[in-house]
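Comments concern the structure below.
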2 protein chains.
Amino acid sequence: MLKAELDKKISTFEELCRSKGLRLTHQRLEILKELIQDTSHPSAEDVYRRIVKRLPMISLDTVYRTIALFEENGLVKRVEVLDDKSRYDSNLEEHQHMVCVRCKRIEDFNWQGFDKLRVPGNVRNWGTVMSKHVELRGICKECLKKERKRTP
Amino acid sequence: MLKAELDKKISTFEELCRSKGLRLTHQRLEILKELIQDTSHPSAEDVYRRIVKRLPMISLDTVYRTIALFEENGLVKRVEVLDDKSRYDSNLEEHQHMVCVRCKRIEDFNWQGFDKLRVPGNVRNWGTVMSKHVELRGICKECLKKERKRTP
DNA sequence: ACTTTTATCAGGAATTGTTCCTATTACATA
DNA sequence: TATGTAATAGGAACAATTCCTGATAAAAGT
């Protein structure tokens with residue numbers, strides 16, 4: 001399933017390269033693979049730290065530029081969360097995020113009630129709505145466990 | 001109405017100072033007033049730029065520190081949006097934000113349907129949910145107008 | 001296969017938003 | 001009004017991200 005997604009995205013990217021005259025570099029492929037396989041919503045630096053093991057000469061800037069390229073072309077999405085560094089998500093299905101305010105782990109979940117909800121009509125006076133985003137903030141099980149230990 | 005809110009918040013802050021031994025400085029009062037009166041969700045620098053006209057010697061750091069103090073004590077809230085600089089809101093009522101992806105203007109709106117919505121039950125397996133946040137992204141009327149001019 | 005063209009890269013410098021450091025200032029209590 | 005100390009101004013430091021430039025390597029032509 002992940003393998004299928006990976007292959008699909010890689011061919012999407014290959015096609016993109018052909019149509020836009022972009023070069024299909026080793027770096028770009030490795031970063032794309034990493035983003036698809038790492039479902040923990042990594043930051044650019046997280047991606048860099050993993051990639052650099054395979055491509056020791058890669059620069060952080062390349063990771064940033066490449067992720068930006070993927071983002072512009074809809075291959076990954078930026079998850080804007082906790083006023084911290086940017087995090088990325090290759091899951092393009094409609095879904096929501098739960099964020100742990102302690103460890104900053106981000107987990108996907110589905111919220112059909114929200115997906116179905118229509119925005120209030122008077123919002124149209126404001127302009128054109130392109131997307132709606134929700135995020136739950138809280139403390140994840142692991143962090144709760146740690147805090148219970150600390151304050152017995 | 002704004003005057004009443006201002007007075008209420010100022011007395012809340014004065015009380016806070018008494019209870020915590022904080023000093024009621026000129027700078028803190030000016031920043032508090034500015035945050036209450038400016039409902040455009042200003043950034044720390046926006047606040048600084050306005051304050052500096054009245055207090056020419058104030059430092060940006062003071063603005064940051066002071067807003068952080070207010071935030072810790074629940075006088076203002078941070079609006080985390082668009083992976084940009086932090087923006088602040090002194091409206092503590094339950095409400096939501098519409099963000100223009102062009103001009104980054106943030107507008108408040110109410111969405112009762114969302115307020116009433118319960119989070120999915122299985123989220124409890126993840127941990128404790130503390131808050132839920134929504135945000136609509138789109139293009140505001142003014143920016144739409146400008147874009148129509150540019151591409152006739 | 002070999003060259004050439006030029007997009008892309010590595011590495012470091014620059015930028016931006018924010019926070020830290022420290023000598024000085026000014027609240028608040030006596 | 002004097003005094004102790006929290007808070008300030010200003011600049012330095014920091015962290016995330018982006019820019020700059022000469023070197024490298026895809027890919028199109030030969």
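Letters go in sequence order (proteins before strands), and every chain restarts at 1. None of the values given here were measured: they were computed from a predicted structure.
With hydrogens and angles ignored, no donor-acceptor pair closer than 3.5 Å exists between the side chain of B/Arg23 and the base of C/dA28.
For A/His97 and A/His133, the ring centers sit 6.0 Å or farther from each other.
Rounded to an integer number of Å, the gap from CD1 of B/Ile67 to C1' of D/dT8 is 16 Å. Per the geometry, CZ belonging to A/Arg87 stands 11 Å off P belonging to D/dT17, to the nearest Å. One atom, CE of B/Met57, and another, P of C/dA23, lie 19 Å apart when rounded to the nearest Å. Atom NZ in B/Lys104 sits about 13 Å away from atom P in C/dT16, given to the nearest Å. Atom CG of B/Leu55 and atom P of D/dA9 are 8 Å apart (whole Å). Between the CG atom of A/Leu60 and the P atom of D/dT18 there is a distance of 10 Å, given to the nearest Å. The nearest whole Å value for the distance from the CG atom in B/Leu22 to the P atom in D/dA6 is 11 Å. Across the protein-nucleic acid pair, B/Tyr64 atom OH and D/dG10 atom P stand 17 Å apart, rounded to whole Å.
Between C/dG11 and A/Ser59, no contact under 4.0 Å exists linking OP1 or OP2 to a side-chain N or O. For B/Thr25, no side-chain nitrogen or oxygen approaches OP1 or OP2 of D/dA7 to under 4.0 Å. Within the 4.0 Å cut-off from OP1 or OP2 of C/dC27, not a single side-chain nitrogen or oxygen of B/Gln27 is found. Taking only side-chain nitrogens and oxygens, A/Ser43 never comes nearer than 4.0 Å to OP1 or OP2 of D/dA16. Side-chain nitrogen and oxygen atoms of A/Arg65 include none within less than 4.0 Å of the OP1 or OP2 phosphate oxygen of D/dT18.
Aromatic ring orientation, A/Trp111 versus B/Phe114: tilted (interplanar angle from 30° to 60°).
Distances from the side chain of A/Ser86 to the nucleotides D/dT17, D/dA7, C/dT18 place D/dT17 closest. Side chain of A/Leu24, nearest nucleotide from D/dT17, D/dA9, D/dA27: D/dA27. Of the candidates D/dT8, D/dG10, C/dG11, D/dG10 carries the atom nearest the B/Asp61 side chain, counting heavy atoms from C-beta on.
Checking side-chain atoms of A/Thr66 against main-chain N and O of A/Val63 turns up no donor-acceptor pair under 3.5 Å. Side-chain N or O atoms of B/Lys9 include one that pairs as donor or acceptor with a backbone N or O of B/Ser90 at under 3.5 Å.
Residues B/Gly21 and B/Pro56 both approach DNA chain D. Their nearest nucleotides, taken by heavy-atom distance, put B/Gly21 toward the 5′ side.
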- Run the side-chain hydrogen bond (donor to acceptor under 3.5 Å, both in side chains) check on A/Asp61 and A/Ser59 step by step: do they pass? CA-CA 5 Å; A/Asp61 184 42; A/Ser59 79; 5.1 Å; no
